[in-house]
Amino acid sequence: MSSAPVLKVEGLVTELRSGGGSVRAVDDVSFEINAGETLGLVGESGSGKSMTCLSILRLIPSSVGRVTGGRVVLEGTDLMTLDEAQMRHHRGRRISIILQDPMTSLNPVLRIGDQVGEAIKLYRGLEGPALRDAIVDGLRAMRIPAPEQRVSAYPHELSGGMRQRVGAAIAMAGPPAVLIADEPTTALDATVQSQLLALLKDVQRETGLAILFVTHDFGIVATICDRVAVMYAGRIVELAPVAELFANPRHPYTEALLRSVPDLDVDVERLYSIEGQPPALDDLPAGCSFAPRCAYARDVCRERGPPRIEAGPLHHASCWKLAGYGD
Amino acid sequence: MLRFTLSRLLQAAVTLWMVATIVFFLARLTGDPVALLAGENATAEYEAEMRRRFGLDLPLWQQYLVFLKQLSMGDLGTSIVSGEPAMMQVLERWPATLEIAVAGVIITLSLALPIGVYAAANRGSWLDTFARAFAVLGQAVPAFWVGLIFILVFAVHLGWLPAGGRGTIWHVILPAITTGWFAVAGIMRLTRSSMLEVLASEYVKLARAKGLPARTVIWKHAFRNATIPVITFTALVVLAQFLTGSIVAETVFSYPGVGSLVIDALRKRDFPQLQAAVFFLSMLYVFVNLGIDLVYGFLDPRIRS
Amino acid sequence: MALSKGSGAPRLAAGKGHPLGLWHQLRELPLVPMGAIALLLVMAIAAPLLAPYPPTEQSLLDRLMPPFWIAGGDLLHPLGTDHYGRDVLSRVIWGARVSLSVALVAIVVAGAIGTVVGIIAGYFGGFIEIALMRVADAFLAIPAVLVAIMLGATLGPSFENVVAVIGLLYWPRYARQVRGETLAIKGSDYVKLARVAGCSSTRILATHIFPNLVPSLLVLASLQVGAAIILEATLSFLGVGIPPPQPAWGVIVEDGRGMLASAWWISLFPGLAIAITVLAFNLTGDWIRDRLDPKLRSR
């Protein structure tokens, strides 16, 4: 396989403003995704999943924070070196996003056709009847019934599932090489959720799309992902192929997560079986962030950051325990 | 909707009646207009004649009923000073007031909206700081004084604009800005905060993620949503500031509108004229209020119940 | 060892942080506006001591003197004189007394009427509530400035009338807010308990309900002082407020209006005084609101 990964993230660091100083919401995050592959990004709320997505797209508002380090290489281009106009050229066209809440992610005062159409027009330069046909085709490709009528509808006239399909139609307008799906099914009920997942899988099969799928639901991970990255306090603590991770979790956090999910459908969001709270970003412990909650923690864990250990083919985890506590 | 409309109409009618009643009794409370008008060395016969002519010899409650009856026919009495129907003066001067109000709304919106939008889009910039300072300062400075400062700067020192009177479009500018003074500050502040809210929304995030230029994101996606609350506020401001605020601006700039008519009549103690002008402005106020209520009710079903 | 250090540290920091926290709170106080208000109050109270001249003393020899830094000016009249030779600085200082007392008394009047009406409406409910609130609504729908002009025109300009006008215009807002809060407090458990314990209505109102209304009354009042000062000045300027020659700021501005081109200082300084005063009260009001009632923050 000579093909390079479509998206390669290396050492990404994002700092957010907090009081007088700053906190690292994304801390040295690295991963890559190949064409036709889906990488899951899993973690509790506030672990830095969404910030990672926005950082890749360079959409962190300057009043909130900024990316301070690392590279994001999309199809051979490092996005972090581009100026704003060049970056805009990639956004949506080559790398797009589906946001979490379909009720708020569409503009309430613009018609569906307009919102899909402005993307198609921007990426493909279509006008007039050709644009209209492309909009209808785009909606139809996302299995939206009666797309000719939907074009002139407003968002509030559609159900949540339909709106998320419109969101998918916008995201696929490029069509892009990479799709970031930021918990796109969290706000949907189970049936609609599985329909949307099936849709994304089919689209991926047809187009060779690379997907970064953010979720806190291991059920979804099992359904759609090829590999999974587990995030904790802004860092990726373990990354492995799905089957390998479920069968052989190496990081104590992953282990605890999986143990607390007897049934894969249970949300990680409601995790009571791990003692303690995820740490506040402005008050991170020295050493391993997970140490205060970790059953295996020893002194070294509280003093120095853990090393990254290769735990198998395509499988790594950052933990002192795996390194024999540095002995 | 019909029930809502009817109840609002009834409310407006009651308010108008209250205004009319207050206006009537206040006017009658103030001593004797005839004595003032006839002068100190007028004969008793002459005074009695005047009293009969203006219906001031009847008992108060009869005067009130006559007043209401005439009012319902659009007759607000005769100006004691000019001897003409009081309503005629009001209608003659009304275009001047409308002129200033319309110019005031246009100037206000064309200043407040763009500055509010740019301040929000460039949060923390010098323009944002300026806009916020202006909004706070603007609400602390009384309009009549601003008008005088405008005259001092733009008419006396720079000589760019006339200091008062009516005639050309240049005469309209300073009174219009003075009338809209508070409104500019308020609308700017509201536009800014409304834009900030919208700019933080998910659909604006998506618009950015689509790769749209900042211009399109701000004006097509954010501005339209941000203006919804601003428009309703503007309507209210037009109501409160421009109709009654015209009194201040027209007085400062000697602009011959209904507002300065109120003050003229007040100084000359021409009560029928004062009544007519005040009642006319109140009527406008109540009607615009009614209109806004009805539009709200139409836009937002929750308000109707 | 390491464990105890880790868990002990935050508590230690919090304990040490107490004086720091106080300093932080002090720093958050709107010191400049509050200082300005203090200064204005001093001016208002000590006007006879501070003002170099009586505010209405005319001196025809010193007519239309400019402020001291302009040729022809004199430090004897730092801010110049008007067309009767009255000292502008003295009039502005006395003006603080007039304008502040009108605004504060009017707010108290409005607050008193509004509180009584609001408590009665909220506590007793039923027909009384509907009737009182309808009246309040009607007052809100009446064009305020016009009524003020009619009142001023008919009753004649005087201190009492301005207070009455502003009081009458402002009370419905207090009534509405007090009614709402009274309803909420009335439904609370401790008021129910007090009633079960046999407390009289008067006692419940005085000891349980009224004290709970005070913070929001303060917030509303502090936010309205600035607007009341502007309304008083506007009415005085139009000739239906404080009667000349009393030195209300609006009156002084009107005095100088005819001589704007030649003697701008007469109108300029009282206007600045209004602006500074209103600004100080508004900023302080905003701060009090943010402190006492965060709910009101997004108006």
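Labels below follow one simple rule: chain letters A, B, ... track the order of the sequence lines, proteins then strands, and each chain is numbered from 1. Nothing here was measured: the structure is a model prediction, and the numbers come from that model.
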Highest number of heavy-atom pairs under 4.5 Å with chain B: which of A233(C), P270(C), G271(C)? G271(C)

Proximal component of [X], with respect to chain C [non-hydrogen, under 4.5 Å]:
X	value
L148(B)	both
V262(B)	side chain
L16(B)	neither

Can you see which heavy atom on V141(B) is nearest to which on A275(C), and at what distance? CG2-CB, 3.8 Å

Please report the shortest heavy-atom distance between Q139(B) and I230(C), naming the atom on each side. O-CD1, 3.6 Å

Rounded to the nearest 0.5 Å, what separates atom [atom1] in [X] from atom [atom2] in [Y]?
X	Y	atom1	atom2	value
W145(B)	T234(C)	CH2	OG1	13.0 Å
F144(B)	E254(C)	CZ	CD	9.5 Å
L152(B)	S267(C)	CG	OG	8.5 Å
L272(C)	I149(B)	CG	CD1	7.0 Å
T251(B)	F237(C)	OG1	CZ	7.0 Å

Comparing L137(B), V252(B), V14(B) against chain C, the one with the most heavy-atom pairs below 4.5 Å turns out to be V252(B)

Go through the atoms of I276(C) and report whether side chain, backbone, both or neither lie under 4.5 Å from a heavy atom of chain B. neither

Could you tell me whether Q11(B) atom CD has more than 12 heavy atoms of other residues or ligands within 6.0 Å of it? yes

Just do the side-chain contact (heavy atoms from CB on, under 4.5 Å) check on V136(B) and N282(C) with the steps written out, would you? CA-CA 8 Å; V136(B) 175; N282(C) 282 355; 5.9 Å; no

